[in-house]
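Below, read A as the first sequence line, B as the second, and so on, with proteins coming before strands; counting in each chain starts at 1.
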Amino acid sequence: MNAADVTAGARTPHVALVDVRSMYVSCERVIDPSLVGRPVVVLSNNDGCVIARSGEAKLLGVSMGQPWFQVQRDPRFGGVVARSSNYELYGDMASRLVASVSSLAADVEVYSIDELFVSLPPRAAAAVGGAGPMVVAICERVARWTGLPTAAGVGATKTLAKVAQREAKQRRLNLMDLSTWSRDRVDALLAVTPVVEVWGIGSRLARRLNAAGIRSALDLARADPMMLRRTGSVVLERTGRELAGTPCIPLGGEPAARRQVMHTRMMGEPVTEPEQMRQVLTVYAQRAVARLREAGLVAGALSVTMSTSPHRPDARHHTWSTGLAPATDQPLEVIRAAHRALPLMEAGRPYNRAGILLTDLVPAGSQPALPLDLFGLETTPGTGSATGTASTTGPERSGPGVGAALDAVTARFGTGALAHGVAGLRGEPVWAMRREQLSAPATTQWDQLLTART
DNA sequence: TCTGGGGTCCTAGGACCC
DNA sequence: TCTGGGGTCCTAGGACCC
């Protein structure tokens, strides 16, 4: 290590990762400052498991994914406050976050609802003090404009920026900037970073890597790239190279077009009868199509999954796919196609999860003109051998107005107000998630509790 | 009361073709 | 009668992320 290394390092472009601390909790605190300083958790959509925790809640020992009823019962967690997830709020705060960062940086990639990568020009990295001051300015602006607290990391690659950001959070710093560090110092940090903490290394890969003697991020950085490709895939190879300092994952600009829309849920009670499953698929298909329509897309293919609990010794998992020709956003057509998966179900077994997956998405109205559907034969391309084609061109085709009408009624009277006949939603079906019986996030018990106290 | 839900990317392997 | 190789396209499934 010598002075030349530092200079060379400082001249290369760097990347910053800006991450909101406990995003969902921080959003809740923005609209309700009385939550600041208290242990707060945000609960999942369905059954009340914890999906976000404030630092105080983490210190108390509340775990990610822990069922809310356990937290409620445990005397250690007496002071914990819960909020139902309010995705509308988080989405709105996320767009303010993007606006704040983009006001100071030209090249920004929105990686997730609470994380952004920012490309730092070489001149920023070469400035006195490295890229730090620019990133600090970004974080301060985020705090001022949105009220959201952030932690940032700077590195020569995205993966190194992730390592730096993780270290910043651990040390309770706002910023960890590796752009001014020597390679030896970076290596020392990697040496104390377990490989499972590296971005892109999950528990499965970590186990395989550990077995191969790769335990730290430094081991991974120094591993032979070809060996990594054989052990995992090109993804793992890229991760290793990125840790070694070679950028392999470019900063993405515009978000990629949506490729799929899914609606997957566990049922509150397992269903054993095909007629119940028919209701489940009807409702799930309806919700998936509603999201498809919101996005202005039509789907050219549909997959249906139905499973029993994977922990059962005789677990069952069925997947069924079909083409939708022409691509459609019409609920009745998708529902009808989804019902064709029903024969796969083994009546009597307790199914507790089902899903609707819409793929081959294209913007509505952009479909190329269809070839003539000669004789109504089911010969549409894109149809797998084991699957069928749900023809949407026959006399059964529902008018385009049905979807729009359903959207309007649902918007006005809520989900479930109107359903495809077979759903028979008079009253809650036994399989409905408990959480889905709540009318709106703003009227959950917890919000009401707090309002009463003020 | 027992691991949520919505995504992406990659690979293996089969079908099919020349 | 025996013997191949190399493409492409598609799907299922694995692994990861937040």
Side-chain angles (χ1 to χ4, degrees), chain A residues 17 19-24 41-52 63-74 84-85 87 90-91 94 110-117 158-159 162 165-166 195-209 228-239 248-249 252 255-270 284 287-288 291-292 295 300-303 305 307 309-312 317-323 352-361 381-387 433-436:
Chain A
L17 174 67
D19 177 298
V20 178
R21 295 169 187 266
S22 307
M23 171 75 174
Y24 295 173
V41 298
V42 173
L43 303 180
S44 69
N45 226 339
N46 45 66
D47 228 342
C49 87
V50 172
I51 57 168
S63 338
M64 198 70 166
Q66 192 169 9
W68 171 232
F69 73 87
Q70 281 182 5
V71 179
Q72 273 178 306
R73 274 187 191 167
D74 194 320
S84 301
S85 32
Y87 292 105
Y90 312 149
V110 179
Y111 176 66
S112 74
I113 193 164
D114 64 342
E115 282 171 287
L116 301 97
F117 285 107
K158 283 177 154 183
T159 307
K162 277 269 191 182
Q165 192 269 345
R166 170 182 174 275
V195 76
V196 74
E197 300 292 338
V198 173
W199 185 41
I201 309 298
S203 59
R204 302 286 181 102
L205 266 179
R207 216 176 307 147
R208 295 220 298 268
L209 290 170
L228 293 179
R229 186 183 287 221
R230 284 194 308 275
T231 306
S233 68
V234 293
V235 178
L236 181 60
E237 180 191 345
R238 280 200 285 257
T239 299
C248 300
I249 309 173
R258 195 103 85 106
R259 313 207 38 163
Q260 49 183 240
V261 168
M262 60 165 84
H263 186 85
T264 306
R265 286 284 185 287
M266 288 183 67
M267 281 82 91
E269 294 285 330
Y284 287 16
R287 296 195 181 149
R291 300 232 322 280
L292 182 74
L302 162 74
S303 289
T305 57
S307 340
S309 166
H311 306 299
R312 298 177 59 88
H317 178 77
H318 316 294
T319 302
W320 182 85
S321 321
T322 184
N352 73 343
R353 182 187 289 274
I356 297 286
L357 174 65
L358 298 166
T359 52
D360 291 8
L361 307 185
T383 303
S385 57
T387 65
M433 298 290 326
R434 286 174 284 268
R435 179 64 181 76
E436 291 183 341

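- Every side chain to side chain contact (heavy atoms under 4.5 Å, CB included) that A:A288 has, sequence neighbours left out, goes to A:H263, A:I356, A:L358.
- Spacing between B:dC16 and C:dG4 at atom C1', rounded to whole Å, works out to 16 Å.
- The side-chain hydrogen bond (donor to acceptor under 3.5 Å, both in side chains) search around A:T264 returns none, not counting sequence neighbours.
- Rounded to whole angstrom, the span from the CG atom of A:N352 across to the P atom of B:dT3 amounts to 9 Å.
- Between A:L209 atom CG and C:dA15 atom P there is a gap of 12 Å when expressed in whole angstrom units.
- One interatomic measurement links the two molecules: CG of A:L361 to P of B:dG7, which rounds to 9 Å at whole-angstrom precision.
- A:L43 has its CG atom 15 Å from the C1' atom of B:dT3, to the nearest Å.
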Distances for protein N or O near nucleotides 9-14 of chain B N or O, under 3.5 Å:
| unit_1 | atom_1 | unit_2 | atom_2 | d |
| --- | --- | --- | --- | --- |
| B:dC10 | OP1 | A:R238 | NH2 | 2.8 |

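- Scanning DNA chain B for stems, defined as runs of 3 or more consecutive Watson-Crick or G-U wobble pairs whose donor-acceptor distances all fall under 3.5 Å, gives the following ranges: B:5-18 with C:5-18.
- Summarising the geometry, the separation between CD1 on A:I356 and C1' on B:dG7 is reported as 17 Å, rounded to the nearest angstrom.
- Of the possible polar contacts, one joining the A:R208 side chain to the A:T231 backbone as a donor-acceptor pair under 3.5 Å is found.
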Atom pairs under 3.5 Å, N or O on each side, protein against nucleotides 16-18 of chain C: can you list them with distances?
| unit_1 | atom_1 | unit_2 | atom_2 | d |
| --- | --- | --- | --- | --- |
| C:dC16 | OP1 | A:G202 | N | 3.0 |
| C:dC16 | OP1 | A:G202 | O | 3.2 |
| C:dC16 | OP1 | A:L205 | N | 2.6 |
| C:dC16 | OP2 | A:R204 | N | 3.4 |
| C:dC16 | O5' | A:G202 | N | 3.4 |
| C:dC16 | O3' | A:G200 | O | 3.4 |
| C:dC17 | OP1 | A:G200 | N | 2.6 |
| C:dC17 | OP1 | A:I201 | N | 3.2 |
| C:dC18 | OP1 | A:K162 | NZ | 2.5 |
| C:dC18 | O3' | A:S112 | OG | 3.0 |
| C:dC18 | O3' | A:D114 | OD1 | 3.0 |

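- A:G200 approaches A:L205 most closely through the heavy-atom pair O-CD1, 3.7 Å.
- Across all strands, A:R207 comes closer than 4.0 Å to no nucleic acid atom at all (heavy-atom distances).
- With sequence neighbours excluded, the residues that form a side-chain hydrogen bond (donor to acceptor under 3.5 Å, both in side chains) with A:R229 are A:E237.
- For the salt bridge (Lys or Arg N to Asp or Glu O under 4.0 Å) test, residues two or more places apart in sequence or in another chain that qualify with A:R166 are A:E197.
- Taking all atoms of both residues into account, the shortest heavy-atom contact from A:S85 to A:Y90 is CA-OH, 3.5 Å.
- Every side-chain hydrogen bond (donor to acceptor under 3.5 Å, both in side chains) that A:T319 has, sequence neighbours left out, goes to A:H317.
- Residue A:R258 has no polar side-chain atom (N or O) positioned under 4.0 Å from OP1 or OP2 of B:dT8.
- Partners of A:R258 by side chain to side chain contact (heavy atoms under 4.5 Å, CB included), not counting sequence neighbours, listed by chain and number: A:V261, A:R291, A:A295, A:L297, A:L361.
- Rounded to whole Å, atom C1' of B:dG5 lies 11 Å from atom OH of A:Y284.
- Put simply, CZ on A:R291 is 12 Å from P on B:dG5, counting in whole angstrom units.
- When each of A:Q260 and A:G65 is assigned the nucleotide of DNA chain B bearing its nearest heavy atom, the one mapping closer to the 5' terminus is A:G65.
- The side-chain hydrogen bond (donor to acceptor under 3.5 Å, both in side chains) test applied to A:S303 returns A:S321, not counting sequence neighbours.
- In this structure, CG of A:L358 is placed 13 Å from P of B:dT8, rounded to the nearest angstrom.
- Every residue two or more places apart in sequence or in another chain that forms a side chain to side chain contact (heavy atoms under 4.5 Å, CB included) with A:S63 is listed here: A:Q66.
- For A:E115, the side chain to side chain contact (heavy atoms under 4.5 Å, CB included) partners two or more places apart in sequence, or in a different chain, are A:L17, A:D19, A:Y111, A:S112, A:K162.
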